[in-house]
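As a basis for the values below, the full set of heavy atoms in this structure was taken, side chains included, without hydrogen atoms, waters or symmetry mates. Sequence lines set the chain letters: A, B, ... in the order given, protein chains first and strands last, and positions in each chain run from 1.
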There are 2 protein chains.
Amino acid sequence: MAQAKNADLRNLDGVAKRAGVSTATVSRVLNNQNVVKNSTRARVLKAAEELKYHPNLHARSLARGKSRTLGILVSNMENPFFFDIYRALESAAHARGYEVVVANTDYSSEQLVSSVRLMIGWRVAGLAAIVSEMDSHLMQVLTDSKIPIVFYDVGTPQKNITNVRVDYRKGMKKIVEYLHSLGHTRMAFLGHHSTLGPISERRKTFLETVARLAPNAEAQIVAAADGLEGGRQAARELLSSGFQPTAILCVNDFMAVGVLRHLRDQGIRVPDDVSVTGFDNIRLAEFCSPALTTVHIPRERIGQTIFGNLVPDKASDRLIGQEILVDPELVVRESTGVARQTQAIESRQRSASGLPV
Amino acid sequence: MAQAKNADLRNLDGVAKRAGVSTATVSRVLNNQNVVKNSTRARVLKAAEELKYHPNLHARSLARGKSRTLGILVSNMENPFFFDIYRALESAAHARGYEVVVANTDYSSEQLVSSVRLMIGWRVAGLAAIVSEMDSHLMQVLTDSKIPIVFYDVGTPQKNITNVRVDYRKGMKKIVEYLHSLGHTRMAFLGHHSTLGPISERRKTFLETVARLAPNAEAQIVAAADGLEGGRQAARELLSSGFQPTAILCVNDFMAVGVLRHLRDQGIRVPDDVSVTGFDNIRLAEFCSPALTTVHIPRERIGQTIFGNLVPDKASDRLIGQEILVDPELVVRESTGVARQTQAIESRQRSASGLPV
DNA sequence: CTTGCGTATGCAAGCGATTACATTTAACTA
DNA sequence: TAGTTAAATGTAATCGCTTGCATACGCAAG
């Protein structure tokens with residue numbers, strides 16, 4: 001009955017009382033300030049230990065008015081490419097004493113909205129947006145929030161926005177040139193059916209490059225959802241469209257693995273009958289079968305760059321409002337080969353369905 | 001100079017002043033309490049909107065003394081199996097108005113320790129531990145913290161601990177029986193080199209089942225790290241050990257994909273020369289080549305079960321201190337076949353290395 | 001024995017919300 | 001019109017921590 005209030009002593013007060021000091025001193029000990037006498041420090045630590053005390057981080061953030069927590073928004077954490085960026089960013093953050101909270105939006109703009117609300121509510125020290133479903137309204141909300149923010153490959157490039165992105169044009173050019181050198185003339189591009197900037201830019205680059213290199217080559221576009229299943233579905237659509245590609249270019253490796261699956265189910269051999277390429281060079285690209293020819297994108301560097309721009313190091317290398325380009329590199333593996341001149345796919349499909357070849 | 005303090009008006013006070021009400025009223029509006037007159041509510045909302053106000057969630061948690069945030073600890077988010085559990089848990093949580101923060105420990109106990117510290121510091125409403133590196137000390141810290149906690153397949157089963165786990169014995173039995181029915185006599189098991197409970201139990205079950213079914217069959221154990229690379233490395237070790245398996249059983253699908261890669265590199269055909277099985281039935285198991293024979297584990301249900309036990313619904317179905325078993329089911333795909341009687345692997349290796357067959 | 005000064009600690013005012021309780025306003029009832 | 005009651009709002013304490021400022025301590029110099 002003595003201690004009416006504060007039944008739970010696992011707070012600064014409890015520790016302070018037990019150690020016979022004031023809360024201020026306890027706080028100073030816990031924050032490693034060197035102003036506390038060693039004997040006091042020891043008593044405080046002992047008391048904290050005995051009470052199994054853990055500081056309340058909400059109270060701390062509130063009192064400090066700032067946190068060392070970074071937020072990450074990701075469209076699809078299941079895609080190893082995004083996961084790798086997240087991991088690199090996180091480890092860079094940890095190395096500098098920052099925590100990280102991540103929200104997976106699953107390509108849903110509703111989820112994105114509520115995640116953004118959360119991040120702002122948590123007053124994160126910075127925000128990395130690796131999402132494709134960002135609209136201008138949300139962008140406004142974010143800039144209004146005054147939270148430092150770095151985008152990865154954002155759709156609508158605006159002024160005063162830091163944007164780390166890959167030079168997709170260059171990567172796409174390398175792939176198309178490579179396929180062209182192998183004699184491919186009918187190529188299909190499988191990508192998200194998004195109307196957003198970068199995606200449509202990729203489509204355009206594909207079409208332009210094909211047109212430039214081989215004026216009388218044919219090019220086809222297929223819209224697809226991200227992921228293994230999305231790739232498989234897109235491949236299905238492509239094949240039933242009547243277009244007979246000699247090469248299929250996928251917007252990313254993850255999707256390409258789905259494409260490979262469908263081709264295999266149809267008895268179509270890669271790269272003998274058709275070549276397939278990905279983009280990103282995720283680990284899986286090396287492990288799937290056939291191993292994917294793709295374009296390497298340095299996720300590690302991207303993650304580090306994002307962090308570096310969120311939490312400026314020497315106050316020097318922060319590049320607000322800039323676009324930071326990352327160069328991709330071609331990686332040739334097993335899924336590409338010289339173009340077959342005959343209509344390989346059609347004949348495979350015929351024989352698979354029992355029709356006369 | 002008029003407003004000395006509170007320069008930033010984006011807090012309850014700011015909104016209150018602007019709407020001409022008290023902070024209490026603003027708070028009531030924001031928490032959807034129906035006690036506020038409509039006209040006032042409208043004024044408050046307008047003020048909040050104009051100020052672009054977002055409640056400070058730290059202050060809220062602090063004041064409320066409890067949160068609707070759940071913590072998840074995961075050893076390896078890169079493994080799609082864990083990712084799926086996380087996703088299921090998260091969507092169950094969202095459906096009931098809970099938020100989720102996830103910490104990826106990367107199998108490092110240091111990271112686990114600091115993640116646990118974080119979760120306790122955040123006073124999460126509950127904690128899901130999907131980690132294999134949990135030691136008894138940390139377990140103590142967690143129980144001391146009074147945070148409701150549910151483990152997934154924890155190593156050291158203790159009293160008073162809720163543990164959702166898969167009936168691995170049953171799954172393992174199904175696989176071994178199936179392989180046995182195909183005539184396999186030399187089987188190798190590739191699993192983490194952990195001394196923890198569930199893993200060693202799996203090993204034991206494997207050995208026992210093999211011994212029971214085919215007394216004169218041979219069994220081999222290989223330690224491996226998780227992941228694609230871990231699987232590949234384990235396969236390498238296995239093959240160079242001299243043991244000539246007719247079947248390779250992997251502790252999970254993710255690792256199995258790595259195994260497939262190495263076998264392919266060595267010119268060993270699956271399932272003609274050797275059969276390979278996984279465990280988990282991740283989506284990739286269907287998409288890799290050959291598609292994996294595996295055991296399906298219902299991640300969705302696991303996620304939901306974990307959530308249900310963290311946040312009891314009707315105060316009824318919470319099973320504290322219990323073990324909740326989930327039944328696995330065999331899924332036969334392309335990576336298994338009847339056992340070859342000749343020493344297939346050895347001859348492939350010879351021919352691959354240019355030696356006389 | 002003061003004075004002075006660095007060092008170690010305590011006091012108390014925030015941080016931005018929630019909420020029990022008090023108070024005012026509005027709406028009926030008699 | 002006064003009386004009773006419910007509805008709407010305000011007051012102020014509180015959550016657990018940080019931190020500027022004040023205070024107390026100890027010890028060397030004057």
Side-chain angles (χ1 to χ4, degrees), chain A residues 3-44 47-48 51-69 117-118 120-123 125 145, chain B residues 3-44 47-48 51-69 120-123 125 145:
Chain A
Q3 40 167 57
K5 53 175 66 171
N6 257 346
D8 186 5
L9 289 186
R10 287 154 83 160
N11 52 22
L12 265 201
D13 269 329
V15 178
K17 229 156 263 168
R18 186 172 251 263
V21 296
S22 74
T23 61
T25 300
V26 178
S27 171
R28 286 191 268 254
V29 169
L30 264 38
N31 291 293
N32 280 321
Q33 292 179 254
N34 296 330
V35 291
V36 187
K37 213 203 297 181
N38 274 333
S39 59
T40 330
R41 161 187 305 273
R43 255 184 315 147
V44 168
L51 284 178
K52 297 165 191 331
Y53 166 78
H54 290 259
N56 183 320
L57 264 23
H58 295 303
R60 178 172 286 179
S61 305
L62 184 57
R64 290 223 248 251
K66 63 183 181 219
S67 74
R68 285 175 82 82
T69 299
R117 224 193 289 286
L118 259 187
I120 297 181
W122 280 334
R123 302 293 190 266
S145 78
Chain B
Q3 40 168 53
K5 53 176 66 170
N6 255 347
D8 187 4
L9 289 185
R10 287 152 84 160
N11 53 21
L12 266 202
D13 270 329
V15 178
K17 228 155 265 168
R18 184 172 252 262
V21 296
S22 74
T23 61
T25 301
V26 178
S27 172
R28 284 189 272 253
V29 169
L30 264 39
N31 290 292
N32 278 322
Q33 289 177 256
N34 296 330
V35 290
V36 187
K37 211 204 298 181
N38 274 334
S39 59
T40 330
R41 162 187 305 272
R43 251 183 319 143
V44 168
L51 283 178
K52 297 163 190 331
Y53 166 78
H54 291 260
N56 183 320
L57 265 23
H58 296 301
R60 177 172 286 179
S61 306
L62 183 56
R64 292 222 248 251
K66 65 187 177 213
S67 74
R68 283 174 83 83
T69 300
I120 297 181
W122 280 334
R123 302 293 190 266
S145 78

**Complete:** Comparing L12(B) with N38(A), nearest DNA chain C nucleotide closer to 5' gives the residue N38(A)
**Prompt:** Side chain of S22(A): nearest nucleotide among dG10(C), dA12(C), dA17(C)?
**Reply:** dG10(C)
**Message:** Please compare G65(B) and R41(B) by the position of their nearest nucleotide in DNA chain D and report the one closer to 5'.
**Reply:** R41(B)
**Asked** Rounded to whole angstrom units, what separation is found between the CG atom of L62(B) and the P atom of dT18(D)?
**Response** 12 Å
**Prompt:** How would you label the contact of S27(A) with the nucleic acid (heavy atoms, under 4.0 Å): base, sugar-phosphate, or nothing?
**Reply:** base
**Prompt:** Between dC17(D) atom P and N32(A) atom CG, what is the distance in whole Å?
**Reply:** 16 Å
**Message:** Closer than 3.5 angstrom, by distance alone: can the side chain of N31(B) be matched with the main-chain N or O of Q33(B) as a donor-acceptor pair?
**Reply:** no
**Prompt:** Tell me: CG of L30(B) to P of dT9(D), nearest whole Å?
**Reply:** 15 Å
**Request:** Could you walk me through whether N11(B) and N56(B) pass side-chain contact (heavy atoms from CB on, under 4.5 Å), step by step?
**Result:** CA-CA 8 Å; N11(B) 53 21; N56(B) 183 320; over 6 Å; no
**Prompt:** What is the nucleic acid contact for T40(B), judged by heavy atoms within less than 4.0 Å: base, sugar-phosphate only, or nothing?
**Reply:** sugar-phosphate
**Separation of dT9(D) C1' from R28(B) CZ (nearest whole Å)** = 6 Å
**Message:** Using the side-chain heavy atoms of N11(A), tell me which of these nucleotides is nearest: dC17(D), dT9(D), dA17(C).
**Reply:** dC17(D)
**Request:** Mind checking V21(B) for me? I need base, sugar-phosphate or nothing, with any heavy atom below 4.0 Å counting as a touch.
**Result:** sugar-phosphate
**Heavy-atom donor-acceptor pair, R123(A) side-chain to dG16(C) base, under 3.5 Å** = no
**Request:** Answer yes or no: side-chain N or O of R10(B) and base N or O of dG16(C) forming a donor-acceptor pair under 3.5 Å.
**Result:** no
**Closest nucleotide among dC11(C), dC17(D), dT18(C) to the A24(A) side chain** = dC11(C)
**Any R41(A) side-chain heavy atom under 4.5 Å of N32(A) side chain** = yes
**Asked** So do the side chains of V15(B) and R18(B) get within less than 4.5 Å of each other, counting heavy atoms only?
**Response** no
**Asked** So, S61(A) side chain and L57(A) main chain: donor-acceptor pair closer than 3.5 Å or not?
**Response** yes
**Fill in**
Atom CD of Q33(A) and atom P of dG10(C) are separated, to the nearest Å, by 14 Å
**Message:** If I take atom CZ in residue R64(B) and atom P in nucleotide dG16(D), what distance separates them, rounded to the nearest angstrom?
**Reply:** 16 Å
**Request:** Starting from C1' on dG16(D), measure out to CG on L9(A) and report it in whole angstrom.
**Result:** 13 Å
**Asked** Can you check the N56(B) CG to dG14(C) P distance for me, whole Å?
**Response** 18 Å
